Structure formats: C-alpha cells, structure tokens
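So that the names make sense, note that chain A is the first sequence line, chain B the second, and so on, each numbered from 1. Bear in mind the structure is a predicted one, so any value in this text is a computation, not a measurement.
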There are 2 protein chains.
Amino acid sequence: MARPRADNYEGQREAILKCAAALFAQRGYVGTSMNDVAVACGLSKPTLYHYYRDKDEMLARIAEGHVSRLVELVESVEADSPGAPEARLEMLITRFLLEYADAQDAHRVLTEDVKFLPKVDRERILNKERRVVEAYANAIGLLRPDIGKAGLDKPVAMLLFGMVNWMFTWLKPGRSLTHASIAPLVCDLFFFGLAGATAPASGRRTTPTACRRSWTSAPARRPA
Amino acid sequence: MARPRADNYEGQREAILKCAAALFAQRGYVGTSMNDVAVACGLSKPTLYHYYRDKDEMLARIAEGHVSRLVELVESVEADSPGAPEARLEMLITRFLLEYADAQDAHRVLTEDVKFLPKVDRERILNKERRVVEAYANAIGLLRPDIGKAGLDKPVAMLLFGMVNWMFTWLKPGRSLTHASIAPLVCDLFFFGLAGATAPASGRRTTPTACRRSWTSAPARRPA
DNA sequence: CCTACCGATCGGTAGG
DNA sequence: CCTACCGATCGGTAGG
C-alpha cells in the first residue's frame with residue numbers, strides 16, 4: 001500500500017483558520033477558547049495542535065493572511081495602472097471593498113485582535129499595514145499636492161480608511177446593500193470631498209464654521 | 001469619632017472607572033483581569049467589589065456613560081440650532097470630535113467590548129447608539145432629500161461615522177494633529193463629498209468607474 | 001480592606 | 001516506525 005502522506009493537510013489548515021476567524025470575530029480572540037474552535041471545527045483539541053503550534057499562530061495567520069492580500073492588491077494596482085492617479089485610487093478602493101466582502105471575519109480580527117500577538121508578529125503585520133497606508137497616501141498626494149506638502153496625505157488616507165474599514169460594524173451580509181453596491185457612493189463621497197477640501201495652510205482651521213462656503217454653492221476647485 | 005461615611009465614594013467610583021477604561025482599551029475587556037484593575041488603581045481586588053458589583057458593571061458604566069454623553073450632545077444641538085441643517089450637522093461633527101478627544105478609552109471600549117455585555121445592557125446601549133445615528137441620518141436627509149428617499153441616509157451617516165470613529169486607531173494624543181485641528185478637514189471632506197455625490201438611482205451604480213466625472217471638473221451640484 | 005481561598009475553565013500536552 | 005488523531009488530565013490562573 002502506498003502511504004497516503006498527509007492527505008489534505010493544507011486544506012484542513014485552511015478550514016480550521018476560517019472557522020477560528022469566525023469565532024474570533026464574534027467573541028474576540030481572548031474570549032474564544034481552543035475548545036470552542038475545536039468544537040466548531042468538529043475536531044478534538046489535540047488535533048488542532050497538530051495543525052497549529054498554538055493559539056497565537058492561528059491569530060497571526062488570520063491577520064497576516066488578510067493584510068498580505070491587501071498588500072498584493074496594492075502592488076497589482078500599482079503594476080497594472082501606471083496612468084491617472086484618480087483612476088488608480090478608485091480601482092484601489094473598489095478592489096479593497098470587494099476583498100473586504102469576502103474577508104469580514106479576518107478584517108475584524110486584524111482590526112481588534114492583533115494587539116494580543118507577541119511584539120515580533122505584531123510589528124511584522126503593522127509594517128504591512130503601513131505599506132498599504134503609504135500607497136493610499138501617495139495617491140492622495142498626487143491628486144492634491146498641497147495636502148501632501150502639508151503632511152496631511154496620511155491623515156486623509158486614514159479618514160478614507162475609516163469610511164471603508166468601519167463598514168464591518170454596520171454592513172451585514174445578506175442585505176440588499178453590499179460592499180460592491182456601495183463602492184460608487186464611497187468613491188463619490190471621497191473624490192468630491194478631496195477635490196473640494198480646503199488647503200490646510202489657508203487659515204480656516206482656526207475658525208472652522210465661519211469660513212465654510214455654503215454647501216449649496218459649487219465647491220472651490222482648489223484653494224489659492 | 002464621627003463616622004466618615006462613604007468619604008469620596010462617587011469620586012472613587014469615577015477614578016476606578018477611568019483606570020479600568022484605560023486598561024480595557026489597551027488590553028481588551030476579556031484580556032484585563034480584575035486584579036490588573038486593582039493594581040492599577042492601587043486598591044485591593046475586594047475593594048473593587050465594594051464599588052462595583054462585578055466586572056460587567058464596570059464595562060456597562062464605561063460604555064453607557066460615553067454614549068449617553070453623545071446623546072446629550074445630539075439633543076443639545078437639536079435644541080440650540082433649529083436653523084440651517086448644514087450648520088447643525090457641522091456643529092454636531094465638531095462637538096463629537098471634541099468629546100472624542102477626552103474620551104478615547106471609553107470610545108474604544110464602546111466600539112470593541114460592548115459585545116461582551118449581557119443582552120439587556122447591550123441592547124440598552126445599542127439603542128442609544130441608534131438614537132445618535134438617526135440624528136445624523138436626519139440631518140443628511142435634509143441636506144440631500146434624494147439620498148434620504150433612496151434609503152441611503154443611514155449608510156452615508158455610517159460612512160461619516162467611519163471617518164470619525166476610526167480616528168481612535170491612528171490619531172494618538174500628544175501629537176501636533178489633534179481632534180480639534182482635524183475637524184475642519186473632516187467637515188470639508190464630508191460636506192463637499194455629500195454635495196457632489198451622485199444620486200443612487202441614477203444608474204451609475206452598475207458601472208462605477210465609467211460614469212465618474214473627472215475630479216478636476218467642478219462637481220455636479222446634484223443629479224437630475 | 002487584606003489573606004486566603006472556591007468552582008470553573010484556561011491553553012497546552014501527557015499516555016496509548 | 002510513521003502520521004493522525006482520541007480521551008483524559010496536566011499546571012496555572014481567571015473571576016468572584
């Protein structure tokens with residue numbers, strides 16, 4: 001008889017990770033026991049330890065797998081569309097939203113549970129996140145050099161990430177509104193907002209309400 | 001000797017809550033032990049239980065206290081400025097950001113740890129959150145009736161909350177960029193974005209990239 | 001307000 | 001002698 005050799009080892013590993021991600025997202029990493037994971041997977045706890053060294057390794061794989069796919073997305077868009085920065089950023093936003101739709105559990109885990117990892121793993125994952133933020137900040141700096149020069153490209157990128165990343169708290173699967181269907185609205189809000197935003201050094205920061213143009217008038221193309 | 005009678009009971013309660021909120025925000029609710037809280041407060045664990053029935057009560061007080069202040073903010077703005085919806089919404093955003101600046105721990109706890117509360121407490125807090133969302137959605141519906149009629153006023157409100165609520169992940173205290181100084185940028189991004197956003201029923205949702213106007217041209221006032 | 005504990009459950013691993 | 005697991009239980013620590 002031929003030796004079966006680790007049957008579907010990689011398949012099992014992936015199945016366990018999907019399962020663990022769902023539980024971590026629901027009950028939190030610390031609030032989920034290895035026994036919970038085992039039961040949900042239909043496996044014994046010792047079997048879990050055959051596939052993963054410990055609980056932390058599961059967490060690290062879930063978070064890093066997700067952020068790695070985001071980095072790949074960033075790099076593929078950078079490679080594919082050397083052209084207009086606006087089209088590139090819009091493609092980035094839309095692809096991110098499609099990715100998020102299929103990775104909601106992993107995304108919540110990345111957001112809320114990475115803090116429980118040992119420093120080495122945490123830093124490795126944070127560095128990949130920084131890589132993603134930088135890509136967005138660069139695109140924003142190209143669209144609005146004044147904002148970039150004022151050092152506000154990253155803050156604006158983070159505000160954009162806020163719109164998109166916060167969606168996991170309220171956009172539930174199975175409803176009519178989906179990640180894909182809301183993408184154009186997100187892009188509209190952001191691109192029109194970015195085009196209209198006042199330059200930081202124009203002095204209006206000290207008197208936020210007094211200086212706003214009426215929203216019913218056409219937004220300024222760009223300040224000064 | 002006169003009995004001191006509950007000295008500074010309420011003061012101690014508040015001090016413990018501040019302390020606990022900082023720990024919960026840092027290590028998570030489940031990841032924080034009552035002993036951690038006791039040590040950080042400079043109290044014994046049994047003393048903690050003199051001020052709070054159990055760990056859940058601390059969590060509930062932190063989260064509900066924060067969201068209650070947000071509801072009060074909403075109601076005070078509704079009472080004070082019966083006038084222009086845009087000015088009211090801008091005031092709401094700015095006051096929220098100022099509140100967030102002083103309640104970053106509580107805000108993180110509200111965001112990440114309410115799920116660990118018993119259903120009764122959780123629902124009570126969620127209802128207050130819904131009250132806040134509705135106020136924002138109403139203001140947005142007044143500014144863009146077409147978006148309101150399409151049922152997108154709440155989604156747009158949630159996108160706005162995303163920008164603002166996500167800030168706790170990246171805006172660290174002690175830097176030059178503060179909640180107050182970024183408020184005008186947030187308002188600009190949102191109001192110009194809202195003014196330019198295409199109406200949902202205009203058909204562009206099926207072809208997101210093809211239909212966008214160039215961001216360099218002036219945004220449309222409003223669709224059709 | 002402390003030391004000393006409890007019932008239970010944690011993450012991880014023994015023998016078979 | 002290997003990989004792939006099971007039932008049972010380890011030493012420590014959680015909330016109370």
| message | So, using side chain to side chain contact (heavy atoms under 4.5 Å, CB included) as the criterion, who are the partners of A:E129 when residues are at least two apart? | response | A:V67, A:L110, A:I125, A:L126
| task | Provide, to the nearest angstrom, the distance between the OH atom belonging to A:Y52 and the P atom belonging to D:dC5. | result | 14 Å
| Qualifying residues under side chain to side chain contact (heavy atoms under 4.5 Å, CB included), relative to A:V71, sequence neighbours excluded | A:E75, A:K128, A:R131, A:V132
| ring-ring contact (aromatic ring centres under 6.0 Å, His included) partners for B:F24, two or more places apart | B:Y29
| remark: Residues in residues 25-51 of chain B with a heavy atom under 4.0 Å of DNA chain D, by number, are B:T32, B:S33, B:M34, B:K45, B:Y49
| said: Taking side chain to side chain donor-acceptor pair (under 3.5 Å) as the cut-off, I'd like each qualifying pair that reaches into residues 19-28 of chain A, sequence neighbours left out, listed once. | reply: A:R27-A:D36
| request: Could you list by number each residue of residues 109-118 of chain B showing a heavy-atom separation from DNA chain C of less than 4.0 Å, or answer none if no residue does? | output: none
| said: Could you go through A:F190 and A:Y136, starting from their C-alpha distance and side-chain angles, then the distance that decides it, and tell me whether this counts as ring-ring contact (aromatic ring centres under 6.0 Å, His included)? | reply: CA-CA 12 Å; A:F190 183 71; A:Y136 275 80; 8.6 Å; no
| side chain to side chain contact (heavy atoms under 4.5 Å, CB included) partners of A:P46, counting only residues at least two apart | A:S44
| CD1 of A:I16 versus P of D:dA4: gap in Å, rounded? | 12 Å
| remark: When rounded to whole Å, the CG to C1' distance for the pair A:D54 and C:dG12 reads 9 Å
| task | Sequence neighbours left out, what passes ring-ring contact (aromatic ring centres under 6.0 Å, His included) with A:Y52? Give chain and number order. | result | none
| note | Those residues at least two apart in sequence (or on a different chain) that pass side-chain hydrogen bond (donor to acceptor under 3.5 Å, both in side chains) with B:Y51 are none
| query | Partners of B:A137 by side chain to side chain contact (heavy atoms under 4.5 Å, CB included), sequence neighbours excluded? | reply | B:D153, B:K154, B:A157
| message | Assess, by modelled atom type and distance only, whether the side chains of B:N127 and B:R130 contain a donor and an acceptor separated by less than 3.5 Å. | response | yes
| request: Determine the Euclidean distance between corresponding C1' atoms of C:dG11 and D:dT9; express it in Å to zero decimal places. | output: 13 Å
| Spacing of the C1' atoms in C:dA8 and D:dG12 (rounded, Å) | 13 Å
| query | Mind checking what makes ring-ring contact (aromatic ring centres under 6.0 Å, His included) contact with A:F116, not counting sequence neighbours? | reply | none
| field | Stem list, DNA chain D (Watson-Crick or G-U pairing under 3.5 Å, at least 3 consecutive pairs) | value | none
